[in-house]
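Scope of the values below: all heavy atoms of this structure, side chains included, with no hydrogens, waters or symmetry mates.
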Number of protein chains: 2
Amino acid sequence: MEAEILRVAAEELARHGAAALSLRAVAREMGMASSAIYRYVRDRDELLTRLIVAAYTSLGDAVEAAHATVDPADLDGRWWAVGTALRDWARSHPHEYALLYGSPVPDYRAPAEQTNEPGTRVQALLVRLLADAQRVGRLRDAAAGIAPGVQVRAEAAAGPLLDDPFFADAGLDAPAVMAGLAAWTLLLGTVTTELFEQLGDTIPDPDAYFAYMLEVAGRLVLTPATATVHS
Amino acid sequence: MEAEILRVAAEELARHGAAALSLRAVAREMGMASSAIYRYVRDRDELLTRLIVAAYTSLGDAVEAAHATVDPADLDGRWWAVGTALRDWARSHPHEYALLYGSPVPDYRAPAEQTNEPGTRVQALLVRLLADAQRVGRLRDAAAGIAPGVQVRAEAAAGPLLDDPFFADAGLDAPAVMAGLAAWTLLLGTVTTELFEQLGDTIPDPDAYFAYMLEVAGRLVLTPATATVHS
DNA sequence: AAAGAAACAAGAGCACCGCTCACACAAGTG
DNA sequence: CACTTGTGTGAGCGGTGCTCTTGTTTCTTT
């Protein structure tokens, strides 16, 4: 029953977006009185939370599936797989993506204890990617070759972050974490920009546009493969 | 009168956000009957449009003011000024920023003829910055040193964009435009991430975090000059 | 099998929203 | 003076989230 509610709500979300999600509409769709819904859902916020978890799970499944098809030694291929899987999922689930990575729904705070774990699956994948890159010496500081002060900033910005087991378990240092965050931010920003048409739908070739951005983002964190291939 | 409505609506927006903006609340605040508002505002969408234009203007003023204080020859300083002004404005006007660069308000499309010009002032500033960088030979392709295929992608992605007078007037080529877009995307993504606490409010030192990202974004588009670091 | 408890569903109702309409009233204009 | 124009009101429609009371069904315990 609750699953059925979630299913109908997900349809409603995919069609009209999160802000237009109406409990009454869900009840109507199911042939119930609007008040009957409250037997199974505390309030609108709880339904939103469940939808967020479902969306994170759907996204995580899609990205992990794409990632699993790539040779683990092929770091660039893994980055490319994760990025394109994220973009593809976002383009086929625009409202869900907006719910996860867009501006927050007003007067709603996602309860961390329910959304944290499913919400970090993609990032966890990237952390493993970074750790593997570090192992084979292909990890690059995004600020490499920049003014020396930036390195200090990276330490200041990321230092305390390293205590988080999320990063600590992978054995990453501050520059690696910051480089990863830069690449992740550029990736998300690119997808967001494309999805919300903030460029005034003037991107002539979205695929090439995204491929370019994904490559640039990847180079913030990975050194070119040819540089480390000895014989 | 219309100005007064806009003023009250802006207050309401700053306090409760765009999605919670209520015409009735504005009327109530002004001591009018809710129906009287419709003498001056066609509907909620029109009010939103006016608020968007006002926000773009406010942001443009702030960024241009900060930019004007920098020596035009100091390219890094200009980038830094624009970026920090954008971030400062966003942090002091979070709901307005969400309205401009967050996920779109459901069932609302901003009319381009009213928002295009004020909405591109900051980008116009950056285009001028890129043009100046090109003039002094400090323009950098974000994909410099990357696999050769990326250059082709840049042409495919940005080629038709160059016909837009917005870029054509500055005399930029495809790699320059794409590098600029990458830097802009990373900048916006960084501000968005910080503002919407998508990192789970775990950023220990937001200022250092932003300074790092701004520097990385700047290096996507500008080659290093003399080692001048801004604090 | 009877009785009680738990679960489920319905409907009325409250306060809010966007928006429309008929109406009243003032001021300026021919 | 009549008349148009601008301005404001109140009622009302359909929509929302949510609560509360009532009634019905189903499961469980004796």
Side-chain angles (χ1 to χ4, degrees), chain A residues 1-55 95-96 98-99 102-111 114, chain B residues 1-55 95-96 98-99 102-111 114:
Chain A
M1 192 69 191
E2 303 194 4
E4 178 69 7
I5 290 180
L6 201 65
R7 198 188 57 78
V8 173
E11 273 181 23
E12 206 74 6
L13 168 64
R15 241 195 303 271
H16 308 298
L21 180 67
S22 154
L23 279 182
R24 290 181 110 113
V26 173
R28 210 178 304 126
E29 195 83 15
M30 298 183 62
M32 308 173 71
S34 65
S35 53
I37 281 288
Y38 291 87
R39 288 277 163 201
Y40 308 95
V41 174
R42 181 196 306 273
D43 53 13
R44 191 171 174 277
D45 282 6
E46 186 182 302
L47 183 58
L48 266 186
T49 300
R50 295 194 196 172
L51 286 172
I52 287 176
V53 172
H95 287 125
E96 285 90 335
L99 186 56
S103 15
V105 178
D107 297 330
Y108 169 79
R109 284 301 301 160
Q114 293 176 55
Chain B
M1 193 69 191
E2 303 194 5
E4 177 70 7
I5 290 180
L6 201 65
R7 200 188 55 79
V8 173
E11 273 181 25
E12 207 73 7
L13 168 64
R15 242 196 302 272
H16 309 298
L21 179 66
S22 154
L23 279 182
R24 290 181 109 111
V26 173
R28 208 180 304 126
E29 194 84 13
M30 298 183 62
M32 308 172 71
S34 65
S35 52
I37 281 287
Y38 291 87
R39 291 277 171 208
Y40 309 94
V41 174
R42 183 195 305 272
D43 54 12
R44 191 172 175 275
D45 282 4
E46 186 183 302
L47 183 59
L48 266 187
T49 300
R50 294 193 196 172
L51 287 172
I52 287 177
V53 172
H95 287 125
E96 285 90 335
L99 186 57
S103 13
V105 178
D107 297 329
Y108 169 79
R109 283 302 301 160
Q114 293 176 55

Sub-4.0 Å heavy-atom contacts from residues 26-37 of chain A onto DNA chain C, ordered by number: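 By residue number: A:Met32, A:Ala33, A:Ser35.
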
For DNA chain C, the residues among residues 6-23 of chain B that have a non-hydrogen atom under 4.0 Å from it: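 When residues 6-23 of chain B is checked for heavy atoms under 4.0 Å from DNA chain C, the hits, listed by number, are B:Leu21, B:Ser22, B:Leu23.
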
N/O donor to acceptor pairs below 3.5 angstrom from side-chain atoms of residues 8-24 of chain B, sequence neighbours left out:
from	atom 1	to	atom 2	distance (Å)
B:Glu11	OE2	B:Arg7	NH1	2.9
B:Ser22	OG	B:Arg24	N	3.2
B:Ser22	OG	B:Ala25	N	2.9

Atom-pair distance (CZ on B:Arg39; P on D:dG6), nearest Å: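 So the CZ-P distance, B:Arg39 to D:dG6, works out to 10 Å.
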
Euclidean distance, atom OH of residue A:Tyr38 to atom P of D:dT21 [Å, nearest integer]: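 After rounding, the gap between these two atoms is 17 Å.
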
Nearest-0.5 Å distance that lies between atom CZ in B:Arg39 and atom CE in B:Met32: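 Here the rounded value is 9.5 Å.
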
Non-hydrogen atoms of B:Ser34 and B:Ala27 that approach each other most closely: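 The pair with the smallest heavy-atom distance is CA-CB, 3.7 Å.
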
Which pairs of donor and acceptor atoms, one on a side chain in residues 47-54 of chain A, lie under 3.5 Å apart (sequence neighbours left out)?
from	atom 1	to	atom 2	distance (Å)
A:Thr49	OG1	A:Asp45	O	3.0
A:Thr49	OG1	A:Tyr108	OH	2.6
A:Arg50	NE	A:Glu46	OE2	3.4
A:Arg50	NH1	A:Glu2	OE1	3.3
A:Arg50	NH2	A:Tyr40	O	3.4
A:Arg50	NH2	A:Glu46	OE2	2.4

Span of DNA chain C, from the first to the last nucleotide whose atoms fall under 4.0 Å of chain B heavy atoms: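 Under 4.0 Å from chain B, the extent on DNA chain C is C:dC17 to C:dC21.
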
Sugar-phosphate, base or nothing in reach of A:Arg24, heavy atoms under 4.0 Å: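 If one applies the 4.0 Å heavy-atom cut-off, A:Arg24 turns out to touch a base.
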
